[in-house]
Protein chains: 2
Amino acid sequence: MYGMKDIFDTVKSNRISENIVHQIRGAILRGELKIGDRLPSEKDLAMKFGVSKSSLREAYRVLEAYGLLEIKQGMSGGAFVKKVDLKTIKDGLVNYFFFQNPSIREYTQIRTFIEPEVVKICALKITDKDIDYLKNNISEMEKEVDGEKFMSDLDCAFHKKIVDITENTVISLIVESVQTALINVKRMLQMNHAFLMMVCDGHKKIVGALSERDPDKASKEMLKHIIEVETGMLACKNGDMVLTETGILKPDTGS
Amino acid sequence: MYGMKDIFDTVKSNRISENIVHQIRGAILRGELKIGDRLPSEKDLAMKFGVSKSSLREAYRVLEAYGLLEIKQGMSGGAFVKKVDLKTIKDGLVNYFFFQNPSIREYTQIRTFIEPEVVKICALKITDKDIDYLKNNISEMEKEVDGEKFMSDLDCAFHKKIVDITENTVISLIVESVQTALINVKRMLQMNHAFLMMVCDGHKKIVGALSERDPDKASKEMLKHIIEVETGMLACKNGDMVLTETGILKPDTGS
DNA sequence: ATATTTTTAAACATCTGATATTTAAAATAT
DNA sequence: ATATTTTAAATATCAGATGTTTAAAAATAT
């Protein structure tokens with residue numbers, strides 16, 4: 001008998017709500033319930049399942065937390081099957097990374113693997129309209145070199161735009177998520193004016209290479225930019241420092 | 001006034017439970033609540049917040065769905081702050097990818113960016129014990145070339161082991177998640193014996209290169225393996241086919 | 001007829017309070 | 001000491017009442 005332990009999940013809960021969550025999620029993932037479908041009202045479905053309203057409500061809440069349902073109040077309201085959106089996933093990753101607390105190096109490493117390749121593809125597919133968008137993004141950024149909060153959004157939007165041009169939903173998800181997580185790290189650091197100028201400059205060079213439709217040049221500029229950002233972030237905190245659970249920066253005393 | 005819309009999130013709900021979720025999640029993410037901390041009992045906290053038990057219960061349920069809390073019944077039970085685990089994230093991604101329904105190409109592309117680089121690092125850090133583990137994994141796999149279900153787990157474990165050697169939590173998360181998502185696609189296809197043999201063969205060559213501590217060779221073998229798997233999967237479904245919402249394979253009529 | 005306002009009903013949101021079940025610890029018996 | 005039983009704290013579930021939201025229907029005014 002080959003490792004039975006690997007086949008079955010350990011049963012830990014017999015909660016009614018979990019059972020219902022499992023059934024409804026299963027129905028969605030099997031395609032029996034489609035986007036926009038309206039589930040029965042709490043009262044009706046509770047009756048049908050033979051459980052109390054509260055148990056059913058909890059199930060609906062969990063499914064809503066998963067991003068699988070949208071629950072609307074009022075007449076012709078109810079629970080509707082919904083496409084899971086990126087925000088749900090990103091929020092989950094923020095929660096995950098909070099405890100994982102990856103180093104700047106860890107974030108940078110994955111970026112150096114993906115984004116230089118992404119921009120290569122991008123150089124071959126990019127349109128003039130896309131280039132205008134990116135150029136506009138940079139000018140907006142230059143106007144805002146003092147407002148870090150706006151910068152973060154523009155920085156995200158820049159990298160998001162580039163990755164979206166590849167039309168690969170998996171890569172988009174990953175790049176955007178890493179970007180979001182990194183922004184959260186940046187927020188903790190006090191980025192100075194020089195850093196923000198450096199970011200703008202890097203973006204300009206990338207767009208320059210993209211305008212020339214030069215994949216290799218774009219790739220090199222992207223790699224340089226990512227490394228520069230890492231260096232800048234590390235410099236923003238003299239010595240090795242880590243983000244602690246209290247959100248305060250303190251020296252990394254090693255593990 | 002620079003684009004106010006970008007600063008504030010649109011307020012959509014005034015639900016009590018959501019407010020509580022927001023507060024508790026915030027306290028965790030600010031580090032005011034740490035792993036293992038026990039929150040007050042439902043009754044007590046409901047009193048403290050001045051809300052009903054049911055509203056508080058819903059909040060606890062949602063936080064549990066996020067993976068931030070573990071709720072235990074019985075004496076000295078209650079709600080405990082918990083590190084978000086990988087399963088929570090993976091399940092979320094399964095939900096997300098179900099609707100996104102990426103093509104095999106999209107999965108393969110990201111793999112070709114990451115895993116050949118990962119295995120390079122791996123070649124420099126791998127220990128003899130790690131190699132034994134990988135070799136053992138392959139022999140297990142060879143024993144099971146007929147039991148596809150077991151194969152999937154072993155296949156995942158193989159790639160997981162390699163990525164874990166890099167000691168980069170961000171990359172591990174991504175590789176494992178893509179792997180899991182891909183396994184779900186594979187499950188829908190009827191993988192034949194030849195395919196499974198090919199996987200084993202690819203793994204053997206990768207481990208061979210790793211044993212020699214040859215990063216470039218390992219990288220090339222990994223890339224070859226990934227492309228072979230893609231080709232094999234595409235071959236498993238004559239013509240271009242997609243995973244539909246009903247879980248059935250049908251010809252991709254293009255978009 | 002058209003536009004505005006009011007009413008209405010369906011559905012979720014919240015509250016109250018009771019009962020059942022689970023579980024670890026404390027008490028008891030062996 | 002060990003095994004068993006009891007107990008108490010906490011969640012799980014249920015039932016039913018009341019409040020709030022919301023879109024559609026009805027009534028009203030223009």
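Chain letters run A, B, ... following the sequence lines, proteins first and then strands; every chain starts at 1. Note: hydrogens, waters and symmetry copies are ignored here, and every other heavy atom, side chains too, is used.
- Counting to the nearest Å, the C1' atom of C:dT22 and the CD atom of A:Glu18 are 15 Å from each other.
- Whole-Å rounding puts the B:Asn19 CG to C:dA13 P distance at 15 Å.
- The main-chain N or O of B:Lys135 is found under 3.5 Å from a side-chain atom of B:Ser139 such that the two form a donor-acceptor pair.
- Base pairing of C:dA11: its partner is D:dT20, meeting the Watson-Crick or G-U wobble criterion (both donor-acceptor distances under 3.5 Å).
- Residues from residues 46-63 of chain A lying near DNA chain D, meaning a heavy-atom separation below 4.0 Å, are A:Val51, A:Ser52, A:Lys53, A:Ser54, A:Ser55 in numerical order.
- Atom CG in B:Leu45 sits roughly 13 Å away from atom P in C:dC15 (whole-Å rounding).
- For A:Asp91, the side-chain hydrogen bond (donor to acceptor under 3.5 Å, both in side chains) partners at least two apart in sequence or on another chain are A:Lys87.
- Here the C1' atom of nucleotide D:dT18 and the CD atom of A:Glu42 are 15 Å apart, to the nearest Å.
- Across the strands present, C:dT30 finds its partner in D:dA1; the criterion is a Watson-Crick or G-U wobble pair with both atom distances under 3.5 angstrom.
- Atom-to-atom, CD1 of B:Ile71 to C1' of D:dA10 comes out at 11 Å; the value is rounded to the nearest Å.
- Listed by first then second residue, pairs satisfying salt bridge (charged side-chain N to carboxylate O under 4.0 Å, His left out) with a partner in residues 67-84 of chain A read A:Lys82-A:Asp85, not counting sequence neighbours.
- Whole-Å rounding puts the B:Lys43 NZ to D:dA12 C1' distance at 16 Å.
- Using modelled atom types and a 3.5 Å distance limit, the side chains of A:Asp155 and A:Ser152 yield no donor-acceptor pair.
- Computed from coordinates, the A:Lys72 NZ to D:dA23 P distance equals 8 Å when rounded to whole Å.
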Atom pairs and distances, side-chain donor-acceptor, residues 40-50 of chain A, under 3.5 Å, sequence neighbours left out:
residue	atom	partner	partner atom	Å
A:Ser41	OG	A:Asp44	N	3.3
A:Glu42	OE1	A:Arg57	NH1	3.4
A:Glu42	OE2	A:Arg57	NH1	2.8

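- Taking every side-chain heavy atom of B:Arg15 into account, C:dA13 is the closest of D:dT11, C:dA11, C:dA13.
- In this structure, the side chains of A:Phe98 and A:Val94 stay at 4.5 Å or more apart for every pair of heavy atoms.
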In residues 174-181 of chain B, what donor-acceptor pairs under 3.5 Å come from side-chain atoms, sequence neighbours left out?
residue	atom	partner	partner atom	Å
B:Glu176	OE1	B:Lys90	NZ	3.4
B:Glu176	OE2	B:Lys160	NZ	3.1
B:Ser177	OG	B:Leu173	O	2.7
B:Thr180	OG1	B:Glu176	O	2.8

Going through the checks in order, is the side-chain contact (heavy atoms from CB on, under 4.5 Å) test met by B:Leu56 and B:Tyr60? CA-CA 6 Å; B:Leu56 195 113; B:Tyr60 272 8; 3.9 Å; yes
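- Picking from C:dA11, D:dT13, C:dT21 the nucleotide with the shortest atom distance to the side chain of A:Ser41 gives C:dA11.
- Across residues 75-85 of chain A, A:Met75, A:Ser76 each have a non-hydrogen atom less than 4.0 Å from an atom of DNA chain D (numbered order).
- Put simply, the residue from A:His159, A:Arg187, A:Met233 that forms a side-chain contact (heavy atoms from CB on, under 4.5 Å) with A:Leu182 is A:Met233.
- Among the nucleotides D:dA12, C:dC12, D:dA10, the one closest to the side chain of A:Gln73 is C:dC12.
- Nearest-nucleotide positions on DNA chain D for B:Arg38 and A:Ile16 put B:Arg38 closer to the 5' end.
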